[in-house]
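Hydrogens, waters and symmetry mates are skipped; everything else that's a heavy atom, side chains included, is used.
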Amino acid sequence: MTNQKPTGRISRFPHLKQDFAASLVVFLVALPLCVGVAVASGVPAELGLVTGIVGGLVTGLMRGSSLQVSGPAAGLTVLVFEAVREFGLPALGVIVLATGVLQLAMGALQLGRYFRAISVSVVEGMLAGIGLVLIAGQLYSAVGAKAPESGPQKIAGLPRAVTEAFGSAAGTASLALGAGTVAVLVLWKRLPAMIRTVPGPLAAVGLATLAALLLDLPVATVEVRGLLESVQPPPLGAFGDLANIGLLGTIVAFTLIASAESLFSAAAVDRLHDGPRTAYDKELMAQGAGNAVCGVLGALPMTAVIVRSAANVQAGARTKASRVLHGVWLLLFAALLPDLLAYIPIPALAGILLHAGAKLVPARSLAALWREHPGEALVLVVTAVSIVAVSMFEGVLIGLALAVVKTAWEASHIRLEVVDKGAGPVQAHLSGNATFLRLPKILDSLEALPQDRPVELDLSGLHHLDHACRTALENWAQRHSAHGTEPVKVTEPARARQAEEAATEPARAG
């Protein structure tokens with residue numbers, strides 16, 4: 001009896017059935033999110049679909065993270081909106097293309113793994129800040145009003161916008177649709193499993209669209225331009241903007257935020273399944289290739305999206321075929337049924353993004369983080385508030401700087417032990433890491449020692465002694481000896497003694 005190898009599609013695609021079913025679920029989740037992110041970013045709705053298509057057909061085919069799904073993300077909405085407002089829509093393609101090229105270069109240089117070294121508090125603070133700005137901006141869309149430009153203005157103007165909404169039929173209808181959409185999303189998880197086979201975002205938008213049509217509500221709907229009309233590669237003249245310092249800063253912000261969000265998402269997705277682990281450098285190159293193509297097409301930037309990725313895993317996907325097929329379904333929808341977008345109410349999309357923005361704010365875990373790690377909680381809050389008060393790029397830089405300072409402060413633990421037997425020299429033992437951050441504490445303790453007694457300063461317990469501390473200690477020793485007492489006897493750190501002995505060893509041998 002001979003064993004025959006399975007042939008045909010079964011051997012080539014052993015998980016086709018599971019991947020096919022998962023791709024449909026991911027498509028239904030991605031469709032309203034692609035459109036919602038595009039509208040919130042201030043670009044044609046079709047460009048969100050284009051980015052979703054590229055995320056499936058380009059990034060989805062590449063190696064990296066097999067089950068992670070990429071597309072337009074709520075996390076970049078605020079940054080894209082600011083970039084389009086400041087530089088114009090043609091420049092968006094240049095920014096996204098340059099972002100993709102930088103990601104490709106970083107992946108080729110194997111820098112992807114280093115993104116895991118970014119403080120988690122900074123990333124969570126970044127997402128929280130984005131969530132707060134997103135919520136503030138989308139509340140205006142939910143009431144049919146125009147949002148101010150800056151984050152503080154958005155927050156300050158909300159009470160007036162909501163009050164005015166209740167004074168008009170259109171505003172009240174918009175607010176009701178937006179609130180209803182959020183309510184459906186919140187309650188959807190509590191419904192029977194059979195009903196929940198339809199993804200919550202699709203159900204919420206579908207119900208809102210149906211209500212707007214049946215009740216003939218006076219609400220704004222998505223403007224449809226057509227797929228080919230919306231895809232406009234950046235003109236050659238737009239590349240001249242690369243000499244603009246502000247544009248270069250935006251590119252850096254896009255690159256860092258999109259890369260960090262994608263790789264942190266990959267780490268989260270890896271915890272959801274027991275399949276192949278993410279190759280971070282390859283995943284970064286896959287994201288870069290996708291963004292480069294999106295830039296050429298003038299579309300939105302992409303990142304890996306945890307909502308779609310989690311839906312993909314939970315739907316039973318086994319290989320990357322599911323995310324590729326989801327891109328095919330998006331392409332077919334954009335090509336064959338684009339006019340359906342014109343029926344979707346803007347307040348419904350605002351409700352989708354309000355719910356997504358709320359998920360970015362770690363309100364529940366912040367209290368626990370403050371109790372256990374107050375420094376990390378402070379970094380998170382300062383990063384989020386800075387993004388709301390200033391801008392995305394500056395807020396992230398402030399968060400990173402604060403995280404570095406916090407780490408340096410915590411790393412510079414130092415202990416001073418004083419032994420005074422009442423007679424003879426006072427012995428002072430320093431141990432730990434002596435850095436300029438702890439210099440005030442060190443000097444206050446040493447200057448409190450008796451001025452009329454000799455001092456023996458033992459530095460052998462120090463692991464690190466920076467230049468500022470060494471200079472300050474030498475100056476203190478001179479001042480202490482100037483009062484007529486014996487010169488301060490200093491025992492050098494162990495490493496310094498070892499280095500000195502190594503330097504003198506050749507002289508002895510000679």
**OP:** Go through the structure and list residues passing salt bridge (Lys or Arg N to Asp or Glu O under 4.0 Å) with Asp241, not counting sequence neighbours.
**Re:** none

Original post:
Taking Thr51 for the side chain and Pro72 for the main chain, is one N or O donor matched with an acceptor at less than 3.5 Å?
Top reply: no

Subject >> Ser259: partners by side-chain hydrogen bond (donor to acceptor under 3.5 Å, both in side chains), with sequence neighbours left out >> reply: Gln103

For residues 125-141, please give each side-chain donor-acceptor pair under 3.5 Å, one per line with the distance, not counting sequence neighbours.
| residue | atom | partner | partner atom | Å |
| --- | --- | --- | --- | --- |
| Tyr140 | OH | Lys154 | O | 2.7 |
| Tyr140 | OH | Gly157 | O | 3.4 |
| Tyr140 | OH | Leu158 | N | 3.2 |

**OP:** Only counting residues at least two apart or in another chain, list the ones meeting salt bridge (Lys or Arg N to Asp or Glu O under 4.0 Å) with Arg63.
**Re:** none

Subject >> Test item: Cys294 and Leu300 side chains (from C-beta on) under 4.5 Å apart, heavy atoms >> reply: no

Subject >> Side-chain donor/acceptor of Asn312 to backbone N/O of Arg323, under 3.5 Å >> reply: no

Subject >> Leu242 side chain near Leu247 side chain, heavy-atom distance below 4.5 Å >> reply: yes

Original post:
Once you round to the nearest 0.5 Å, how far does CG of Asp19 lie from NE2 of His326?
Top reply: 13.5 Å

Original post:
Got more than 12 heavy atoms from elsewhere within 6.0 Å of CZ, Phe239?
Top reply: yes

Original post:
Quick one: does Lys320's side chain have a donor or acceptor within less than 3.5 Å of a partner on Leu61's backbone?
Top reply: yes

Original post:
Quick check: does any side chain N or O of Arg196 sit under 3.5 Å from a backbone N or O of Leu191, one acting as donor and the other as acceptor?
Top reply: yes

**OP:** Starting at CD of Gln314, measure out to CG of Leu67 and round the result to the nearest 0.5 Å.
**Re:** 12.0 Å

May I have the list of side-chain donor-acceptor pairs in residues 181-188 shorter than 3.5 Å, sequence neighbours left out?
| residue | atom | partner | partner atom | Å |
| --- | --- | --- | --- | --- |
| Thr181 | OG1 | Leu177 | O | 2.8 |
| Trp188 | NE1 | Val198 | O | 2.9 |

Going by atom type alone, with no hydrogens or angles, which donor-acceptor pairs under 3.5 Å involve a side-chain atom of residues 347-369 and a protein atom two or more places apart or on another chain?
| residue | atom | partner | partner atom | Å |
| --- | --- | --- | --- | --- |
| Ser365 | OG | Pro362 | O | 3.4 |

**OP:** Quick one: which residue pairs count as a salt bridge (charged side-chain N to carboxylate O under 4.0 Å, His left out) with a foot in residues 81-105, not counting sequence neighbours?
**Re:** Arg85-Glu149

Original post:
With sequence neighbours excluded, what pairs up with Ser174 under the side-chain hydrogen bond (donor to acceptor under 3.5 Å, both in side chains) test?
Top reply: none

Original post:
Taking side chain as C-beta onward, heavy atoms only, is Ile344 less than 4.5 Å from Thr221?
Top reply: no

Subject >> Heavy atoms from other residues, nucleotides or ligands near NE2 of His373 exceed 12 (cutoff 6.0 Å) >> reply: no

Subject >> Nearest-0.5 Å distance that lies between atom CG in Leu400 and atom CG in Leu256 >> reply: 8.0 Å

**OP:** Supply the atom-to-atom distance Tyr280 OH to Leu263 CG, rounded to the nearest 0.5 angstrom.
**Re:** 7.0 Å

Original post:
Would you say Ser121's side chain and Leu380's backbone share a donor-acceptor pair under 3.5 angstrom?
Top reply: no

Original post:
With Ser41, which residues qualify under side-chain hydrogen bond (donor to acceptor under 3.5 Å, both in side chains), at least two apart?
Top reply: none

Original post:
When you measure from the side chain of Thr99 to the backbone N and O of Gly288, does any donor-acceptor pair fall under 3.5 Å?
Top reply: no

Original post:
Which is it for Gln287 and Ser70 under the side chain to side chain donor-acceptor pair (under 3.5 Å) test, yes or no, and what are the steps along the way?
Top reply: CA-CA 8 Å; Gln287 296 293 327; Ser70 300; 2.8 Å; yes

Original post:
Where do Cys34 and Arg308 land on the side-chain contact (heavy atoms from CB on, under 4.5 Å) test, with the steps shown first?
Top reply: CA-CA 11 Å; Cys34 287; Arg308 278 164 244 183; 3.9 Å; yes

Original post:
Is the closest side-chain heavy-atom distance between Thr197 and Val25 below 4.5 Å?
Top reply: no

**OP:** Kindly compute the distance separating CG (Leu330) from CZ (Phe27), expressed to the nearest 0.5 Å.
**Re:** 5.5 Å

Subject >> Residues which pass side-chain hydrogen bond (donor to acceptor under 3.5 Å, both in side chains) with Ser230, listed by chain and number, not counting sequence neighbours >> reply: Glu46

Original post:
Sequence neighbours excluded, which residues qualify as salt bridge (Lys or Arg N to Asp or Glu O under 4.0 Å) partners of Glu376?
Top reply: Lys406

Subject >> Residues that Glu164 engages under salt bridge (Lys or Arg N to Asp or Glu O under 4.0 Å), provided they are two or more places apart >> reply: Arg160

